[in-house]
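Take a look at the structure below.
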Amino acid sequence: MTRILITSALPYINGVKHLGTLAGSMLPADVFGRFKRAQGFETLLLCATDEHGSPTELAALDAGQDVRTFCDEQFAIQKKASDGFNLSWDHFGRSSSAQNREMTQHFARVLWKNGHLDVRTTKQVYSNADKRFLPDRYVIGTCPHCGYDRARGDQCENCTRVLDPIDLISPRSAVSNSPDIEIRDSTHLFLKQSNFVPQLREWIDAHRAEWPPLVYSIANKWLEEGLQDRGITRDYDWGVPVPDDIADGQLKGKVFYVWFDAPIEYIGVTKEWAEANGKGNSWRDWWEGSAAKDVRYFEFMGKDNVPFHTVGFPVTIMGARPQEEWKLVDRLKGFNWLNYDGGKFSTSQKRGVFMDTALELLPADYWRYYLMANSPENSDSNFTFDHFAAVVNKDLADVLGNFVNRVTKFCVSRFDGKVPGEGCYGEDEAALCAELDARVKAYTDFLEALEFRKAMGELRAIWVAGNEYLTRAAPWTHFKTDREKAAVGVRMGLNLVHVFGHLAWPVIPTAARAIHEAIQPAPAIIPWPDRPMAEELDELEHGLVIKAPDVLFAKITDEQVAAWKERFGGAP
RNA sequence: GGCAGCGUAGCUCAGUGGUAGAGCAGGGGAAUCAUAAUCCCUUGGUCGGGGGUUCAAAUCCCUCCGCUGCUACCA
């Protein structure tokens, strides 16, 4: 049977992630992973923090901590937020792990041996005051084009022109503001991406049908514009050290570029998972050689990550051939941005909602459903508290929550809290089953196609069908004159509740469990309903004792919305 | 500047050559099991502007306007 390997783009270690990061990679990866587990597939769902790179070093400096301590703290914070959202990773690792260091160095050695790495001398900006090399964007000065006095060395934010640090007038370090900077020669390793254009072209074109247009067009653009070789080392301290046996030690003291080691962490974290769970060398069967032939690999990411996953990482993988045949991604799902109230989420301006504070406001399921139903799949989408409250109140509280509530309470008050066994299903029930057969298939197909917005629309339509049925069956009316007829409606209602618990589990796991447990105890993985609805909806044993759960989704009040808008920033 | 995407009902969005759609919001009605929750009916759009191709254009082509993103050393 096919095994399913799923990775989410790695959240950068530098601070708690906002809802956009959640919506654009981690959450859809989790929903899809749960869906596949529910279907009974052997599934490995992985994520990790991306810890290297100069922003981490500088943030640690800013916080007055050494980098390792800073990362340890930030990792704990991110892990807690991830757990809070019920992201069910088989392992949530760290790119600074020993496993990733080993894998990164391994790939570099193979690439070197295969002649895919060049040693080149480049000009880098060095700050004497900070005693370190600076990335282009950490050099600031006056833009030679528009005169903006805080232009960055990579691009002027004012006139949007692309710059080189040496173009800047009166350049200075963004770290210390010191003008005492100079240009120094520095030796670096370059990955000869240009050698791989034909292979990449063939591979990308072969996947056109199963990648979103967004992903294909980004990948295609990079190839069209002419792929340049990319420097994969940096003059920093924090990162995977370049081993001395590459290029006769010319790179001594340097580290790999974060975008070289971060994707390799997908493999590194698999090893972390195996070691943490006593799985020995089985990690390799998910990735390499003929043992991994039955693995189907899914990646989830925001659009900013797409070039590195369609070009950079694939070149690393292709460059290790023919000695080693590592897996390339099969399905790559890219997302647009989630904006906040018409503008960007901003950490520095405290604008928007972040994962930790979101959970202070409401349980994870509210966010999970909303973010999936409004997934930024085809264009950027916009989060507002007004829309959020309207969707959550209508879909979760009124359509789903109230349905569960009305059926179970009626059963408790009129049928002694037991699944009534009287009467037989008739035409109304057959029509409902026919509709749900079609809708459940559509829902399943949309999830399979990674079309989350449409999947949520179908899930909601399934809940609506339950309400429509109940209105037609009207057991509260028949109860007075025809108890048997009322019993049929209640029995079907309870079976609907049960099936809803199964169908909703990948999206809203906590509420789905509560729904399931109103009827009977739930297994750790709530399985996907794959039989005809006529069977699924006649499943519950007659006489089974059920209970009415507490209110599943409390409504969000106007006062709460007003307070949150105030707290999290209004118009941009 | 270059490249890409987007622009459809008050709002969020489907729809890629064949009579303009869904959900929400708004209006009317039914029901009273339920978190005043549900169900039925319904108002509402010269599909950003202009031009072209076609028997037929939201859909294809040209052009203009507006918004957004990317542009390789932030990730």
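Since the structure is predicted, the reported quantities are computational estimates derived from the model, not experimental observations. Quick note on labels: first sequence line is chain A, next is B, and so on, each numbered from 1.
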Handout entry: Any A/Y257 side-chain N or O less than 4.0 Å from OP1/OP2 of B/rA75
Key = yes

Handout entry: Gap in Å between the two P atoms, one belonging to B/rG44 and one to B/rG28, rounded
Key = 16 Å

Practice task
Under 4.0 Å between any heavy atoms, over every strand shown, what does A/N374 touch: base, sugar-phosphate, or nothing? Just pick one.
Solution key: sugar-phosphate

Practice task
For the pair A/F410 and A/F415, name the ring-plane relationship: parallel under 30°, tilted 30 to 60°, perpendicular over 60°.
Solution key: tilted

Problem - d(CG, A/N339; P, B/rU12) in whole Å - result: 12 Å

Handout entry: A/N378 CG to B/rG7 C1', straight-line distance once rounded to whole Å
Key = 14 Å

Problem - Which nucleotides of RNA chain B pair, in dot-bracket form (Watson-Crick or G-U under 3.5 Å, | meaning another strand) - result: ((((((((.[[[[.)..(..]]]].(((((.......))))).....[[[[[..)....]]]]])))))))....

Fill in the blank from the handout: note: A/L459, atom CG; B/rG23, atom C1'; distance rounded to Å ~ 14 Å

Practice task
Provide, to the nearest angstrom, the distance between the CH2 atom belonging to A/W337 and the C1' atom belonging to B/rC6.
Solution key: 16 Å

Practice task
Check every strand shown and say whether A/D50 touches a base, only sugar-phosphate, or nothing at a heavy-atom separation below 4.0 Å.
Solution key: sugar-phosphate

Problem - Gap in Å between the two P atoms, one belonging to B/rG45 and one to B/rU38, rounded - result: 27 Å

Fill in the blank from the handout: Ranking B/rC73, B/rA75, B/rC70 by distance to the side chain of A/D304, first place goes to B/rA75

Handout entry: Among B/rA72, B/rG69, B/rC73, the one nearest A/T122 by side-chain distance
Key = B/rC73

Practice task
May I ask you to say what A/W222 touches in the nucleic acid, namely base, sugar-phosphate or nothing, with a heavy-atom cut-off under 4.0 Å?
Solution key: base

Problem - B/rA22 OP1/OP2 closer than 4.0 Å to side-chain N/O of A/R460 - result: no

Handout entry: Base versus backbone protein contacts along nucleotides 34-41 of chain B [heavy-atom cut-off under 4.0 Å; B, S, -]
Key = BB-BSSS-

Problem - Evaluation steps, side chain to side chain donor-acceptor pair (under 3.5 Å), between A/N374 and A/S381 - result: CA-CA 7 Å; A/N374 296 283; A/S381 71; over 6 Å; no

Practice task
Apply salt bridge (charged side-chain N to carboxylate O under 4.0 Å, His left out) to A/R120 and list each qualifying residue two or more places apart in sequence or on a separate chain.
Solution key: A/D118, A/D229

Completion exercise
Taking for A/Q193 and for A/A262 the nucleotide of RNA chain B with the nearest heavy atom, the one nearer the 5' end belongs to A/Q193

Problem - B/rU68 to B/rA30 separation - P atoms, rounded to the nearest Å - result: 49 Å

Handout entry: Integer angstrom distance from the P of B/rC74 to that of B/rG5
Key = 25 Å

Practice task
Could you tell me the separation between the CZ atom of A/R234 and the C1' atom of B/rA75, rounded to a whole number of Å?
Solution key: 12 Å

Problem - Rounded distance (Å) that lies between atom C1' of B/rG15 and atom CZ of A/R453 - result: 14 Å

Exercise for the section: Please work out whether the ring planes of A/W211 and A/H207 are parallel, tilted or perpendicular, with thresholds of 30° and 60°. Expected result: parallel

Handout entry: Euclidean distance, atom CG of residue A/L214 to atom P of B/rC6 [Å, nearest integer]
Key = 10 Å

Fill in the blank from the handout: The nucleotide from B/rU32, B/rG23, B/rC73 with an atom nearest the side chain of A/T477 is B/rU32

Problem - Distance in angstrom units between A/H18 NE2 and B/rA75 C1', rounded - result: 11 Å

Handout entry: Per A/D136 side chain, nearest of listed nucleotides B/rU32, B/rC24, B/rC73
Key = B/rC73

Problem - Criterion ring pair (Phe, Tyr, Trp, His ring centres under 6.0 Å) against A/Y369, the qualifying member of A/F388, A/W463, A/F452 - result: A/W463

Problem - Ring centres under 6.0 angstrom apart (A/H52, A/F256) - result: no

Exercise for the section: Could you tell me whether A/P55 contacts a base, only the sugar-phosphate backbone, or nothing, with contacts defined as non-hydrogen atoms closer than 4.0 Å? Expected result: sugar-phosphate

Exercise for the section: Look at A/K454 and B/rG15 and indicate whether a side-chain polar atom (N or O) is within less than 4.0 Å of OP1 or OP2. Expected result: yes

Practice task
Have a look at A/N336 and say if it touches a base, only the backbone sugar-phosphate, or nothing, with a 4.0 Å heavy-atom cut-off.
Solution key: nothing

Exercise for the section: State yes or no: are the ring centers of A/F553 and A/Y366 separated by less than 6.0 Å? Expected result: yes

Problem - Ring geometry between A/W564 and A/F385 (parallel below 30°, tilted from 30 to 60°, perpendicular above 60°) - result: tilted

Problem - Electrostatic pair A/R184:A/E182 at N-O distance under 4.0 angstrom - result: yes

Handout entry: Within 45° cone and under 6.0 Å: A/K333 NZ/CZ vs A/F335 ring
Key = yes

Practice task
Flag the pair A/K565 and A/D386 as a salt bridge only when some basic side-chain nitrogen lies within less than 4.0 angstrom of an acidic carboxylate oxygen.
Solution key: yes

